[in-house]
Asks: 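Provided herewith is a single structure, encoded as structure tokens, for subsequent inquiry.
Only this structure's heavy atoms are used, side chains among them; waters, hydrogens and symmetry mates stay out. When a ligand or atom number is given, it counts from 1 through the structure's own listing order.
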Amino acid sequence: MTDERRGRPAPPKLAAGSKGSVVVERCQACDSPDLVSVLFLGFLPPVNTMPPVGSRPEQQPMYPAQVLRCRHCELVQLGLIVYPTVLFPPSFPYTSGTTKILRENFADLRAEVEALYPLGRDALVVDIGSNDGTLLGNFLAAGYRVHGIEPTEAGKIAREAGVPTLTAFFDRTAADTVVRESGRAQVITATNVFAHMEDIHSVIDAVLSLLADDGLFITESHYLLSLVETLQYDTIYHEHLRHYSLTSLRHLLAMHDLEVVHARRIPTHGGSIRVYAARRGRYPVRDSVAPVLEREARELTEDALAGFRRRVVQAKLELLALLRTLRADGARIYGIGAPSRASTLINYVGLDDGILDCVLEIPGSYKIGKYVPGTLIPVFAEARLYTDQPEYALLLSWHIADELMPKLRANGFKGRFVLPLPVPRVSDGSGG
Ligand SMILES: [Zn+2]
């Protein structure tokens, strides 16, 4: 490749504040126009637009979900950036996403930082998108200084738990505020937000202004290799602007003279990657990095991604064929769990209220009493599973099926389970 593109791309055309969506014509990281299509899931409705049950369908936008791969830096990214007010409408309430697996992961993160890069007692830890303060609570409990940055109401919960939290989107202004109040950070974390932020170069610039000279920038993102391995195409929706590999993330960080010094796969969100970066030359690059890059070079080639696409299409056809036989016998099929990924799966496969009777959510979910986006499939409270006893429960949160099936069984569900991915199949929940 002759064009090294070491320079920074021109400021991107932003969807935020523009009222319009932006078609990605050049790579969001390296500005190359050499983008090839990996997969097109069709036009999908925004996942947080859920009309109340009983209302008549209204005019509603749909957005193309095309996944592109940059041939220069290998970044896999969505082909359209939808303007944020569509994705996060004012009516969209805050719900805490802090599950057991996330809490364990955050405890593990602190333990790993302390083991690999021991912190001074007065070290400052800053979390970008700090939510209800769960991650920082771990560092606070160990005696470190902490500061969260969180745009939603969740910051209030954090403050009540003693975690100082700035209510703001993370940008240069927010970074400057934290520096004024608490100084520069020894550790900056960004878990499950780094793939969602639009103007990624400005975000990294702001990180650098906040990071101590010998500080660490730690990101956790849903991992492209996990997505490909276990066919998690349902994690493709418009909030996820990018699906990082270590290769593409390393390239992006290097544009800002940040060097990846440690990387590790972690189990959150069906398979994520935790990446430590520091200013170039500040720390030795650990042995953990090279094997990940080597594996990606073998398993995330353009050919491998073409194979991924074929498997996605095959899984769609197989799921429809499986549901056809179940419905032909007159079985009732209830979906379990209405996370964002359920909307992608249901809309891409083309499930409707003639195939799925309803989708069930845990009590308290704001989705109860609404329709699944793009359909007339109603969302009800989970109690119906035990009173109605449908013959089949389709696990839309299939990536945590091992956790979910014993729980539903213990609560009294007597039917069988349908797992839609990676290979559509019926299971009795006992590992079969
Ligand atoms: Zn690129």
Side-chain angles (χ1 to χ4, degrees), residues 1-16 21-41 63-82 190 192-208 217 219-228 233 235-260 263 272-273 275 277 280 285 289-290 292-309:
M1 213 152 301
T2 51
D3 180 6
E4 275 301 303
R5 293 185 188 278
R6 289 285 300 165
R8 288 277 302 279
K13 195 177 153 207
L14 297 180
S21 302
V22 172
V23 176
V24 173
E25 304 279 9
R26 305 177 78 93
C27 174
Q28 293 173 42
C30 78
D31 203 37
S32 165
D34 198 1
L35 303 173
V36 290
S37 179
V38 172
L39 177 68
F40 181 52
L41 293 177
Y63 298 92
Q66 183 176 34
V67 180
L68 307 171
R69 177 179 184 268
C70 171
R71 277 203 168 123
H72 179 72
C73 76
E74 298 187 22
L75 179 65
V76 169
Q77 54 206 296
L78 266 199
L80 187 83
I81 299 173
V82 177
N192 207 34
V193 293
F194 201 55
H196 302 56
M197 299 164 122
E198 188 178 357
D199 186 3
I200 196 63
H201 288 290
S202 297
V203 168
I204 301 174
D205 281 342
V207 165
L208 283 168
F217 176 44
T219 60
E220 292 182 1
S221 305
H222 192 247
Y223 184 35
L224 179 64
L225 190 57
S226 302
L227 187 155
V228 169
Y233 72 79
T235 61
I236 296 165
Y237 43 86
H238 294 102
E239 284 88 334
H240 285 171
L241 300 177
R242 295 171 291 275
H243 296 270
Y244 291 114
S245 61
L246 185 60
T247 307
S248 63
L249 187 53
R250 183 167 167 258
H251 193 281
L252 170 64
L253 294 168
M255 292 175 79
H256 297 264
D257 266 331
L258 282 165
E259 184 173 40
V260 170
S272 302
I273 189 157
V275 177
R280 184 170 304 287
V285 176
V289 176
V292 179
L293 295 173
E294 283 159 21
R295 188 162 171 202
E296 289 181 359
R298 287 194 308 274
E299 298 181 24
L300 291 175
T301 59
E302 228 169 280
D303 274 358
L305 292 172
F308 166 69
R309 175 174 182 252

Asks: Of all the heavy-atom pairs spanning S202 and D199, show the shortest one and how long it is.
Replies: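 In this case the closest contact between S202 and D199 is OG-OD2, 2.6 Å.
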Asks: Would you mind reporting whether Y63 and L78 have side-chain heavy atoms less than 4.5 Å apart?
Replies: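 The answer is no, as the side chains (C-beta and beyond) never meet within the 4.5 Å cut-off.
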Asks: Got a second to check how far L224's CG is from E74's CD, nearest 0.5 Å?
Replies: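 Reported to 0.5 Å precision, the distance equals 9.5 Å.
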Asks: Which atom pair, heavy atoms only, marks the closest approach of E296 to L246?
Replies: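 Answer, listing the atom of E296 first, then L246: OE2-N, 2.7 Å.
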Asks: As a quick check of understanding, evaluate side-chain hydrogen bond (donor to acceptor under 3.5 Å, both in side chains) for S272 and E220, giving each step before the final call.
Replies: CA-CA 6 Å; S272 302; E220 292 182 1; over 6 Å; no
Asks: Identify the heavy atoms of L305 and L300 that sit nearest to each other, and give their distance.
Replies: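 Smallest interatomic distance, heavy atoms only, reads CD1-O, 4.3 Å.
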Asks: Within a radius below 2.8 Å of the Zn ion (ligand 1), how many protein N, O or S atoms are present?
Replies: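 N, O or S atoms of the protein closer than 2.8 Å: 4.
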